[in-house]
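Remarks on the structure that follows.
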Amino acid sequence: MTVNDWFVENQRDLPWRREGFGAWGILVSEVMLQQTPVVRVIPRLEQWLERWPTPAALAASPPGEAVRAWDRLGYPRRALRLHAAATAITEVHGGVVPSDVAQLLELPGIGDYTARAVAAFAFGLRHPVVDTNVRRVVARAILGQGEAAPASTRRDLAAMEALLPHDEPAAKVFNAGMMELGALVCTARAPRCGDCPLAGSCAWRAAGYPEYDGPRSAVQAKFEGSDRQVRGLVMAELRASDIPVTRAEIERLWPDATQLARALASLETDGLVVADDSDAYLLP
DNA sequence: GAGACGTGGAG
DNA sequence: TCTCCAAGTCT
């Protein structure tokens, strides 16, 4: 069976796939989905779009409100960048999400994946879309490897380009289908090869599922005790407060004063936190 | 290219 | 309990 046929039959009913969802909604969904599971994105996305149905609406709110509404999706710099992207769309593109990949890449927080995802899914343009799912499916089905090598934009885009149907609508379905296949069937942990439309032609399966022996991506640093954890605690405190939080209150969040100061300073550098004139802290 | 950057669910 | 992983981006 082809990936496209499989997708038409087996795709999930996700909000951003609904007819007429809109480029802005798709852009927001793609940013929220960066490193964050679908199930956690859906409720937050719907609240977000109800409050900010257009880029101009978001741009008209303070950036801190975007950070607050981001809630616990993680990587709150994404919220700040999404706000900055909304501002750029409003001021530079007349409030209309651009369809051009190069223009999308100019927007804060929009990288190689998201730019092409928006161009392909919101505008139906034929661009290879490569995320972690696609890289894994290609690694297995085409290259015969159990895992994808560390990401390489040039190589990954070329590999997907070679597989992409020439026809524009078919290309859009194929992009979505490869991602969906990786998300539902060709999963990282325990792939369900019995349900895979590519089982008959899969190079990895044909080779007897050899163990992956290539270069591996770096293992994510331990979270417990990290600056990331401290930053997360500070941000949760600020999100929960309508008024500036005093330095003393923040210092109660973490026993290591040096590490806390470092985390707080990095949050200020990122623009996620602002200090007022009485050494209290708040969202921008 | 390596490393930083949140959060929470699954096995 | 602990490791892995989830539609990446930026420096």
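So that the names make sense, note that chain A is the first sequence line, chain B the second, and so on, each numbered from 1. Being a predicted model, the structure only gives us computed values, none of them experimental.
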*Using a cut-off of 4.0 Å between protein heavy atoms and nucleotide atoms, how would you tag nucleotides 1-11 of chain B 5' to 3' with B, S and -?*
----BBBS--S

*Separation of atom CD in A/Glu147 from atom P in C/dC5, rounded to whole Å*: 7 Å

*Yes or no on side chain to side chain donor-acceptor pair (under 3.5 Å) for A/Tyr75 and A/Arg228, after CA distance, side-chain angles and deciding distance?*
CA-CA 9 Å; A/Tyr75 292 144; A/Arg228 295 164 77 176; 2.9 Å; yes

_Please report the distance, rounded to the nearest Å, between CG in A/Asp131 and P in C/dC5._
15 Å

*For the pair made of CZ in A/Phe121 and P in C/dA7, what is the distance, rounded to whole Å?*
12 Å

*Is A/Arg17 salt-bridged to A/Asp13, cutoff N-O under 4.0 Å?*
no

_d(CZ, A/Phe174; C1', C/dA7) in whole Å_ = 16 Å

*Could you tell me whether A/Arg247 and A/Glu251 have a side-chain N and a carboxylate O separated by less than 4.0 Å?*
yes

*asked:* Just to be sure I understand the rule, does A/Ala117 reach a base, reach only the sugar-phosphate, or reach nothing, if contact means heavy atoms closer than 4.0 Å?
replied: nothing

*Closest approach of A/Ala203 and A/Leu143, non-hydrogen atoms and distance?*
CB-C, 4.3 Å

*asked:* I need the CG-P distance between A/Leu107 and C/dG8, as an integer number of Å.
replied: 18 Å

*Nearest-Å distance, CZ (A/Arg44) to P (C/dA7)?*
19 Å

*Got a minute to check which stems DNA chain C is part of, using Watson-Crick or G-U wobble pairs under 3.5 Å, three or more consecutive?*
B:2-5 with C:8-11, B:7-11 with C:2-6

*Can a salt bridge be assigned to the pair A/Arg126 and A/Glu161 using a cut-off of 4.0 Å between side-chain N and carboxylate O?*
yes

*Name the nucleic acid region contacted by A/Ser29, choosing base, sugar-phosphate or nothing; use a 4.0 angstrom heavy-atom cut-off, strictly under.*
nothing

*Under 4.0 angstrom, heavy atoms only, what part of the nucleic acid is A/Arg12 near: base, sugar-phosphate, or nothing?*
base

*When all nucleic acid strands are considered with a 4.0 Å heavy-atom cut-off, which category describes A/Trp16: base, sugar-phosphate, or nothing?*
base

*Taking atom C1' of C/dG8 as reference, at what distance in whole Å does atom CD1 of A/Ile110 sit?*
10 Å

_Count I, L, V, M, F, W, Y as connected when their side-chain heavy atoms are under 4.5 Å apart, and connections chain through other members. Are A/Leu164 and A/Val101 then in the same cluster?_
no

*Separation of A/Arg81 atom CZ from C/dG8 atom P, in whole Å?*
15 Å

